[in-house]
Number of protein chains: 2
Amino acid sequence: MEKAELNKEIRASGLKSTKSRCAILDILKQNDRPASADEVYMELKSRGISLNISTVYRTLDAMTEKNLVKKLSITGESKALFELNAIGHKHYLVCLGCRKTMAIEGCPLESFERELAEETDFVIEGHKLDIYGYCPECRNKT
Amino acid sequence: MEKAELNKEIRASGLKSTKSRCAILDILKQNDRPASADEVYMELKSRGISLNISTVYRTLDAMTEKNLVKKLSITGESKALFELNAIGHKHYLVCLGCRKTMAIEGCPLESFERELAEETDFVIEGHKLDIYGYCPECRNKT
DNA sequence: TTGGATGCAAAAGTTTTGCACGGTT
DNA sequence: AACCGTGCAAAACTTTTGCATCCAA
């Protein structure tokens with residue numbers, strides 16, 4: 001993505017735009033699966049951008065706060081993961097063998113959420129759904 | 001629950017039965033929502049049972065291994081949570097205001113999982129679904 | 001008796017924070 | 001110029017591990 005657009009998007013969220021922040025957002029945009037702070041840090045390094053890990057955490061937190069980014073916890077992962085807060089939302093199919101994750105198309109929960117809101121009187125803001133199993137390569141190993 | 005039954009259940013899982021393990025399982029049985037290792041530790045303390053926190057972790061891990069217990073990660077929680085691995089499975093409605101969690105009845109995903117298995121050739125083992133929102137008490141505060 | 005369970009202390013791993021300095025607006 | 005972002009180092013917090021001792025089978 002062009003630098004100018006990243007700049008614009010970051011400022012639109014209310015954050016000050018910096019080289020570091022553009023780079024981090026760019027990485028998340030190119031990633032099709034959630035990344036840990038450390039993975040982002042490594043990718044920055046491999047692109048020749050040397051940031052401190054605490055800056056990466058602070059940036060990801062700030063972007064989460066501004067809804068540019070979503071922070072996830074996946075069962076079995078000890079670290080928090082971050083992904084772009086794209087329009088709509090994603091669910092993941094996670095392989096318990098190799099821990100590969102792939103995005104799932106579609107979401108089966110809209111009507112369920114409406115019913116739930118009525119029953120409980122909650123204001124539903126969102127949900128998190130991950131599905132676990134074994135991928136074609138791992139299904140025969142166990 | 002009577003001590004004898006807890007004993008039996010633990011041994012049936014393949015674990016050696018000890019006073020600590022009975023106490024931990026008993027706590028999880030009485031909890032209607034997932035607890036962190038530290039919460040279990042505190043509850044033990046308040047019952048006059050003094051265990052080391054590392055024992056609590058080891059016990060919870062062992063019980064997870066034996067499928068007596070399930071380990072969860074909930075978005076926004078920095079710690080892992082543990083709950084009884086009851087027959088069937090549960091989903092939670094989590095309040096983003098006060099972080100109260102309540103179990104949801106029913107699961108809207110069975111048919112979705114079957115379709116997904118066909119499409120992806122994964123063996124689906126399970127899933128994790130949490131729904132987020134604001135409870136009646138918190139919905140007006142923000 | 002024997003192997004596994006536990007306590008203790010220390011380490012490991014992730015995330016946060018204080019402070020001084022530097023860059024963006 | 002003012003304020004916020006960043007680097008660095010240290011701390012905080014959760015979880016794991018090694019080893020000696022203790023307990024259930």
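What's counted below: heavy atoms across the whole structure, side chains too, no hydrogens, waters or symmetry copies. Proteins get letters first, then strands, A, B, ... in listed order; numbering begins at 1 in each.
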- [ ] Assign each of A:K71 and B:T59 to its nearest nucleotide of DNA chain C by heavy atoms, then name whichever residue's nucleotide is nearer the 5' end.
- [x]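 Comparing both residues, the 5'-ward one is B:T59.
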Task: 5'-most by nearest nucleotide on DNA chain C - B:S50 or A:D38 - done: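 It is B:S50, whose closest nucleotide lies nearer the 5' terminus.
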Looking at [X], does any N or O in its side chain come under 4.0 Å of the phosphate oxygens OP1/OP2 on [N]?
X: B:T18; N: C:dT6; answer: yes
X: A:Y57; N: C:dT15; answer: yes
X: B:R21; N: D:dA24; answer: no

Open item on the list: Quick check against the 3.5 Å criterion: does A:K128 have a side-chain atom that pairs as donor or acceptor with the backbone of A:S73?
Closed with: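 Side chain of A:K128 to backbone of A:S73, a donor-acceptor pair under 3.5 Å: yes, one is there.
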Touch check for [X], heavy atoms < 4.0 angstrom, all strands: base, sugar-phosphate only, or nothing?
X: B:L51; value: sugar-phosphate
X: A:D61; value: sugar-phosphate
X: B:S54; value: base
X: A:A80; value: sugar-phosphate

Task: Relative orientation of the end axes in the helix from C:dT1-D:dA25 to C:dT25-D:dA1, expressed as an angle to the nearest 10° (five pairs per end) - done: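 End-to-end axis angle for the helix from C:dT1-D:dA25 to C:dT25-D:dA1: 40°, rounded to 10°.
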Can you give the donor-acceptor pairs under 3.5 Å from side chains of residues 54-61 of chain A to other protein atoms, not counting sequence neighbours?
{"residue": "A:S54", "atom": "OG", "partner": "A:N52", "partner atom": "OD1", "Å": "2.9"}
{"residue": "A:T59", "atom": "OG1", "partner": "A:T55", "partner atom": "O", "Å": "2.7"}

- [ ] In plain terms, say whether B:R114 and B:E118 are close enough for a salt bridge, that is, a side-chain N and a carboxylate O under 4.0 Å apart.
- [x]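 No, B:R114 and B:E118 are not salt-bridged.
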Task: side-chain contact (heavy atoms from CB on, under 4.5 Å), paired with A:K29, selected from A:N31, A:L25, A:I27 - done: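 Of the listed options, the one satisfying the test is A:L25.
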Open item on the list: Given C:dG7, C:dG3, D:dG7, identify the nucleotide with an atom nearest to the side chain of B:K16.
Closed with: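 Comparing C:dG7, C:dG3, D:dG7 against the side chain of B:K16, the answer is C:dG3.
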TODO: Check every atom of D:dT15, C:dT25, D:dT6 against the side chain of B:K79 and return the nucleotide holding the closest atom.
DONE: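 Of the options given, the side chain of B:K79 lies nearest D:dT15.
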Open item on the list: With a 3.5 Å cut-off and heavy atoms only, can you find an N or O donor on one side and an acceptor on the other between the side chain of B:R58 and the base of C:dG4?
Closed with: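 No pair found.
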